[in-house]
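The sequence lines fix the lettering, A, B, ..., with proteins before strands; numbering per chain opens at 1.
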There are 2 protein chains.
Amino acid sequence: MSAPSYPEAILISERTIGRLAQYRRILTELVRDNLETVHSHQLALRCGGSAAQVRRDLMVIGAEGSPNKGYKCAKLLASLAEFLTQPGTQKVALVGIGNLGRALLSYSHKQQPGLLIVAAFDIAPDKTNKVIDGCRCFHIDTLESVIKEQNIKVAIIAVPGEAAQLVADRLAIAGVRGIVNFAPAPLHLPPSVFVENIDVTMSLEKVVYFAAKGTQSERNKSA
Amino acid sequence: MSAPSYPEAILISERTIGRLAQYRRILTELVRDNLETVHSHQLALRCGGSAAQVRRDLMVIGAEGSPNKGYKCAKLLASLAEFLTQPGTQKVALVGIGNLGRALLSYSHKQQPGLLIVAAFDIAPDKTNKVIDGCRCFHIDTLESVIKEQNIKVAIIAVPGEAAQLVADRLAIAGVRGIVNFAPAPLHLPPSVFVENIDVTMSLEKVVYFAAKGTQSERNKSA
DNA sequence: GGATGTGAAAGTCTTCACAGCG
DNA sequence: CGCTGTGAAGACTTTCACATCC
């Protein structure tokens with residue numbers, strides 16, 4: 001009769017996971033600055049949410065803070081790191097070495113946390129078989145073999161909309177389980193593959209609308 | 001007693017506006033391909049939503065389709081264009097001419113709809129006083145004067161996180177009413193300024209989590 | 001028959017408010 | 001006291017289901 005391991009029965013919403021990732025980023029800074037403890041309202045201020053929201057989010061990972069002193073930064077950061085997958089642990093592939101792709105590569109190269117792009121693919125021969133920002137670039141024909149060889153489970157799609165579905169299908173078959181999709185087209189994939197869409201044009205149009213029309217108040221959903 | 005003009009009393013949610021922008025993009029393609037009519041379930045397939053969702057969204061702009069024939073593409077597109085602000089109408093400023101900024105500039109240059117960046121700013125002298133992808137680049141010192149002169153109401157922030165709040169404050173004072181923020185930091189601004197955050201790192205971490213852990217099904221929120 | 005338009009139900013997410021504790 | 005932890009309420013979104021019309 002060993003102690004039951006974390007049931008993990010309750011499944012956590014996408015929004016919550018996103019905010020937990022933010023909290024981790026903030027806590028990384030706090031720990032770097034040698035802060036001992038932090039209150040929920042302080043975290044709220046730094047991520048643009050409410051204190052109640054922060055407390056509820058931290059509840060789901062079983063974090064515990066003491067009244068009047070708040071949460072211990074180091075301990076909380078450790079809990080978050082254990083709960084979320086450690087950044088840099090997961091290798092990421094990038095498909096599409098255009099302007100956006102190169103911007104992501106330079107991020108990956110400089111940034112300290114997350115975003116460890118280990119392989120990039122493109123269809124244009126002049127972009128392949130070289131190293132950009134420390135990342136090896138391959139021709140798209142080798143996508144399946146490289147993905148399998150390196151056991152890559154996460155990919156970023158930064159190709160034109162017309163090519164996105166085809167790329168996504170190939171990624172899924174090669175074993176990728178999660179995709180960040182910058183193409184402005186929905187990907188139809190089996191539910192075993194998680195897809196996060198980032199549609200810059202749509203976001204811009206939203207902002208244009210609200211800038212011109214009604215004054216919606218600032219909301220921080222950061223997605 | 002004139003007929004009451006559209007009350008516009010009901011304010012429309014951010015999510016809905018985002019989807020309406022997607023519908024417009026899809027309809028632009030349909031009209032280009034000379035499609036006469038379209039059904040709600042066809043739109044749903046092409047944007048990754050449900051048919052009921054599409055119909056409800058179109059309800060808010062008072063679109064009308066006929067049973068069995070669906071919606072008239074051209075008419076619906078016109079309604080959407082009238083409702084959303086016409087793309088290209090609003091001039092957009094870009095702050096931060098790094099890799100991401102340049103990727104956005106090249107988009108702006110090539111893409112047909114939306115995204116008309118007319119001025120870019122940076123603090124580095126070697127990036128300013130030139131033209132990149134058809135967009136004039138200025139030193140950040142001239143931000144206020146250029147924004148006011150050109151009457152720009154929408155801006156994109158693509159600077160490092162530490163500088164984001166300062167830039168946002170200056171933009172708001174210069175008269176900007178809407179901001180797309182790529183910096184991973186919340187902007188604290190008066191509610192008269194609409195802010196849309198795009199946090200690429202956070203999205204990536206979400207995907208890493210769901211790729212590794214539980215299999216959440218694909219959801220298309222495209223934000 | 002097969003689609004739209006829409007009230008109502010169901011579901012999801014956020015905020016409130018307060019007990020309990022240091 | 002002020003803050004955490006959390007049930008309960010509230011607000012918002014999506015889906016259902018069906019009357020209605022071509």
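B/His41 places its NE2 atom 13 Å from the P atom of C/dG5, with the value rounded to the nearest Å. Taking atom CD of residue B/Gln42 and atom C1' of nucleotide C/dT4, one finds them 14 Å apart after rounding to whole Å. Rounded to a whole Å, the CD1 atom of A/Ile12 is 15 Å from the P atom of C/dT12. Between A/Gln53 atom CD and D/dT4 atom P there is a gap of 15 Å when expressed in whole angstrom units. The distance between atom CZ of A/Arg19 and atom C1' of C/dT12, rounded to the nearest whole Å, is 12 Å. A straight line from CD of B/Glu14 to P of D/dC12 spans 13 Å, rounded to a whole angstrom. For the pair B/His39 NE2 and C/dG2 C1', the interatomic distance rounds to 8 Å; values are reported in whole Å. One interatomic measurement links the two molecules: CG of B/Leu11 to C1' of D/dC12, which rounds to 12 Å at whole-angstrom precision.
Listed by chain and number, the residues in a salt bridge (Lys or Arg N to Asp or Glu O under 4.0 Å) with A/Glu64 are A/Lys75 (sequence neighbours excluded). Residues satisfying the salt bridge (Lys or Arg N to Asp or Glu O under 4.0 Å) test with B/Arg170, not counting sequence neighbours, are B/Glu144. Under the salt bridge (Lys or Arg N to Asp or Glu O under 4.0 Å) criterion, B/Arg55 pairs with no residue, sequence neighbours left out. Here A/Asn68 pairs with nothing under the side-chain contact (heavy atoms from CB on, under 4.5 Å) rule; sequence neighbours left out.
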Please list each protein N or O that sits under 3.5 Å from an N or O in nucleotides 18-22 of chain C, with the distance.
from   : atom 1 : to      : atom 2 : distance (Å)
C/dG22 : N2     : A/Asn68 : ND2    : 3.1

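By the 6.0 Å and 45° rule, A/Lys213 does not stack over the aromatic ring of B/Phe194.
Across D/dC16, D/dT13, D/dC3, the shortest atom-to-atom separation from the side chain of B/Arg15 is found for D/dT13. Checked against C/dT14, C/dT4, D/dG5, the side chain of B/Ser40 finds its nearest nucleotide in C/dT4. The listed nucleotides are C/dT14, C/dT15, D/dG5; the one nearest the side chain of A/Ser50 is C/dT15.
In this structure, A/Arg25 does not pair ionically with B/Glu205, as no charged nitrogen and carboxylate oxygen lie closer than 4.0 Å.
Using a 4.0 Å heavy-atom criterion, one finds that B/Thr16 contacts no nucleic acid atom at all.
Judged by distance alone with a 3.5 Å cut-off, no donor-acceptor contact links the side chain of B/Arg56 to the base of D/dT14.
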Show which side-chain atoms of residues 41-48 of chain B pair as donor or acceptor with protein atoms under 3.5 Å away, not counting sequence neighbours.
from    : atom 1 : to      : atom 2 : distance (Å)
B/Gln42 : OE1    : B/His39 : N      : 2.6
B/Arg46 : NH2    : B/Glu29 : OE1    : 2.6

